[in-house]
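Predicted, not measured: the structure shown is a model, and the values here were computed from it. As a basis for the values below, the full set of heavy atoms in this structure was taken, side chains included, without hydrogen atoms, waters or symmetry mates.
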Amino acid sequence: MMNSNSGAGPSNGGSGDGDTPRRTSRKPKYSKFTQQELPACKPILTPKWVISVFVLVGAIFVPIGVASLLASHKVVEIVDRYDDACVPSNVTDKLAYIQNATTPKTCQRTLTVTKDMKQPIFVYYQLNNFYQNHRRYVKSRNDAQLSDASKANETTLCDPEKTTKDGLPIVPCGLIAWSLFNDTYSFKHNSKNLDVDKNDISWKSDREHKFGSDVFPKNFQKGPLIGGKSLNESKPLSEQEDLIVWMRTAALPTFRKLYGRIYVDLKENDTITVTLENNYNTYSFGGKKKLVLSTSTWLGGKNDFLGLAYLTVGGLCFFLAFAFTLLYLIKPRKLGDNNYLSWNKHPAGH
């Protein structure tokens, strides 16, 4: 007689398992990383630790701030604003004056050295109220065109200065190159000309990677409107350092750009005669032009902000350390005291 229960038991064959759907778990594989059980440093911020950290930060920041301020104060600067002074007194319309190409714009300025200036002396031009960071201005260039001669005809993004009236591509194209600063300066000291070295005034990385040695200016300043300085069409863009300096756009509306260096020591009370060509139009937008002669230190040019920032942070740290020390001495608190927990605080009358 056949046992009726013999076919009801579990089967060891593969056919029985294939009929039952296998459930996939989304539970991640256990590891100390996924369960956040890795060894970790969990410092306890005791009053002594907090006070010590504030004192340490203050002790580091204050000397750095003092050293930065001293270095900044050692920098000797001569700043001369000439945009108004170089317009004849009988001229009432400054914009018409600067736009008239036939009017001579040569101007002489006399600068007095206030302190001894050690070489090299850096010559900068400074512009105020000039927004090189404007979105349309910053985008108006073609980097591929600047670095590769085979892409000289690429003028995308260069509106409105991309082609001439005849439709020929402008190299370099765009508003940044078109508005190149074109004032010039020459210097005399004790009736002797001071040579201005204009080599290596731009970033080496810009000369080698962003501006091609086989790319030459073409149709530049031949568009519908004439902008700033013209370029030498026989020199590649990698050697046009005034252009390279100008095309590294400034982030703020007041900025300085390096014009050159003078390798002569100047003594206190020396006078320098500057002959300049006041060509650049800042009158249409209410801008200012300044000529700056400056020395440098290990920190660079004159800049009090960095030193003041370090002194402010260091002084604040010392103040907080002193305040926490007084609080710790006047009203000490036991570390880990459960009485300070909210559920252990019972209001009066309860």
Side-chain angles (χ1 to χ4, degrees), residues 52-82 109-130 132-133 181 185 187 189-190 194-207 241-242 244-246 248-272 274 288-322:
S52 300
V53 168
F54 277 127
V55 170
L56 177 63
V57 173
I60 294 174
F61 274 50
V62 168
I64 294 177
V66 172
S68 300
L69 276 180
L70 291 177
S72 178
H73 289 169
K74 288 181 180 179
V75 175
V76 182
E77 273 191 359
I78 303 174
V79 181
D80 179 52
R81 179 184 174 185
Y82 64 88
R109 305 285 293 165
T110 301
L111 308 179
T112 302
V113 180
T114 55
K115 294 182 181 178
D116 291 352
M117 301 181 74
K118 299 289 186 180
Q119 61 175 301
I121 299 171
F122 296 87
V123 182
Y124 299 93
Y125 57 88
Q126 177 176 320
L127 296 180
N128 294 58
N129 201 36
F130 191 110
Q132 271 198 319
N133 59 353
F181 188 78
Y185 312 103
F187 302 88
H189 175 238
N190 294 334
L194 294 178
D195 294 330
V196 179
D197 184 7
K198 299 179 73 66
N199 294 320
D200 298 333
I201 61 174
S202 60
W203 288 22
K204 183 179 180 181
S205 59
D206 288 352
R207 295 194 302 269
E241 295 206 49
D242 284 331
I244 299 174
V245 171
W246 178 258
R248 180 163 284 277
T249 53
L252 300 175
T254 297
F255 58 87
R256 294 178 180 179
K257 291 186 181 290
L258 186 60
Y259 182 83
R261 302 181 186 89
I262 297 174
Y263 290 97
V264 174
D265 291 335
L266 299 177
K267 299 297 183 181
E268 185 177 355
N269 295 324
D270 281 357
T271 57
I272 303 172
V274 184
K288 300 176 183 177
K289 294 188 292 186
K290 297 178 182 179
L291 171 64
V292 180
L293 303 182
S294 174
T295 59
S296 65
T297 62
W298 60 270
L299 195 61
K302 192 175 186 64
N303 185 3
D304 291 344
F305 174 78
L306 186 63
L308 293 174
Y310 271 105
L311 284 178
T312 301
V313 174
L316 182 61
C317 288
F318 276 131
F319 172 77
L320 291 175
F322 178 73

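- In this structure, Gln126 contributes its side chain and Lys290 its backbone to no donor-acceptor pair below 3.5 Å.
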*Starting from the C-alpha separation in whole Å, work towards a yes-or-no answer on side-chain contact (heavy atoms from CB on, under 4.5 Å) for Leu311 and Leu69.*
CA-CA 9 Å; Leu311 284 178; Leu69 276 180; 3.3 Å; yes
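- Counting only distance, with no hydrogens or angles, the side chain of Thr295 and the backbone of Val76 share a donor-acceptor pair below 3.5 Å.
- Ion pair Arg256/Glu77 flagged as a salt bridge, since at least one NZ, NE, NH1 or NH2 atom sits closer than 4.0 Å to an Asp/Glu carboxylate oxygen.
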_For Gln119 and Val264: C-alpha separation, side-chain torsions, deciding distance, then whether side-chain contact (heavy atoms from CB on, under 4.5 Å) applies._
CA-CA 5 Å; Gln119 61 175 301; Val264 174; 5.8 Å; no
_ring pair (Phe, Tyr, Trp, His ring centres under 6.0 Å) evaluation trace for Phe318 with Phe54_ = CA-CA 6 Å; Phe318 276 131; Phe54 277 127; over 10 Å; no
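- The shortest side-chain heavy-atom distance between Asp197 and Tyr263 falls under the 4.5 Å cut-off.
- Within a 6.0 Å radius of NZ in Lys74, other residues, nucleotides and ligands contribute 12 heavy atoms or fewer.
- Considering every non-hydrogen atom in both Ser296 and Phe122, the closest pair reads OG-CE1, 3.3 Å.
- The shortest side-chain heavy-atom distance between Lys289 and Arg81 does not fall under the 4.5 Å cut-off.
- Using modelled atom types, one side-chain atom of Asp116 and one backbone atom of Glu268 make a donor-acceptor pair closer than 3.5 Å.
- Contact annotation: the side chain of Phe130 never approaches that of Pro253 to less than 4.5 Å [non-hydrogen atoms, C-beta and beyond].
- Here the side chains of Ile272 and Thr112 are not in contact, with every heavy-atom distance at 4.5 Å or above.
- Atom CD1 of Ile121 sits about 8.0 Å away from atom CG of Leu194, to the nearest 0.5 Å.
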*Test side-chain contact (heavy atoms from CB on, under 4.5 Å) on Leu127 and Gln132 and set out the steps.*
CA-CA 10 Å; Leu127 296 180; Gln132 271 198 319; over 6 Å; no
*Check step by step if salt bridge (charged side-chain N to carboxylate O under 4.0 Å, His left out) holds for Arg207 and Glu241.*
CA-CA 8 Å; Arg207 295 194 302 269; Glu241 295 206 49; 3.6 Å; yes
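- Nearest heavy atoms, Ile201 versus Gly260: CG2-CA, 4.0 Å.
- Atom CG of residue Leu293 and atom CG of residue Leu266 lie 8.0 Å apart, to the nearest 0.5 angstrom.
- In terms of modelled atom types and a separation under 3.5 Å, the side chain of Arg248 and the main chain of Ser202 share no donor-acceptor contact.
- Side-chain contact between Phe61 and Cys317: absent, with no pair of heavy atoms (C-beta onward) separated by less than 4.5 Å.
- In this structure, Gly58 and Pro63 approach most closely via the heavy-atom pair O-CD, 4.1 Å.
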*Could you please spell out the steps behind the ring pair (Phe, Tyr, Trp, His ring centres under 6.0 Å) verdict for Trp246 and Tyr259?*
CA-CA 10 Å; Trp246 178 258; Tyr259 182 83; over 10 Å; no
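- Tyr125 and Tyr82 share no side-chain donor-acceptor pair at under 3.5 Å.
- The two atoms that bring Val75 and Gly300 nearest to each other are CG2-O, 3.8 Å, heavy atoms only.
- Using a 4.5 Å cut-off on side-chain heavy atoms (C-beta onward), Val113 and Thr271 make no contact.
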_Let's go through Val196 and Lys198 carefully: what are the C-alpha distance in whole Å and the side-chain angles of both, what is the deciding distance for side-chain contact (heavy atoms from CB on, under 4.5 Å) to 0.1 Å, and is it a yes or a no?_
CA-CA 6 Å; Val196 179; Lys198 299 179 73 66; 4.2 Å; yes
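- You'll find the side chain of Phe187 reaches within 4.5 Å of the side chain of Val123, heavy atoms only.
- Across Tyr124 and Ser294, no two heavy atoms sit closer than the pair CE1-CB, 4.2 Å.
- A donor-acceptor distance shorter than 3.5 angstrom exists from the side chain of Asp270 to the backbone of Lys267, with no hydrogens or angles considered.
- Of the inter-residue distances, the one linking Leu56 atom CG with Ile60 atom CD1 reads 4.0 Å to the nearest 0.5 angstrom.
- Arg109 and Asp80 are joined by a salt bridge, as a carboxylate oxygen and a charged side-chain nitrogen come within less than 4.0 angstrom of each other.
- The distance from the CG atom of Leu291 to the CG atom of Leu111 is 6.0 Å, given to the nearest 0.5 Å.
- For the residue pair Asn303 / Ser72, no side-chain donor-acceptor distance below 3.5 Å is found, with atom types taken as modelled.
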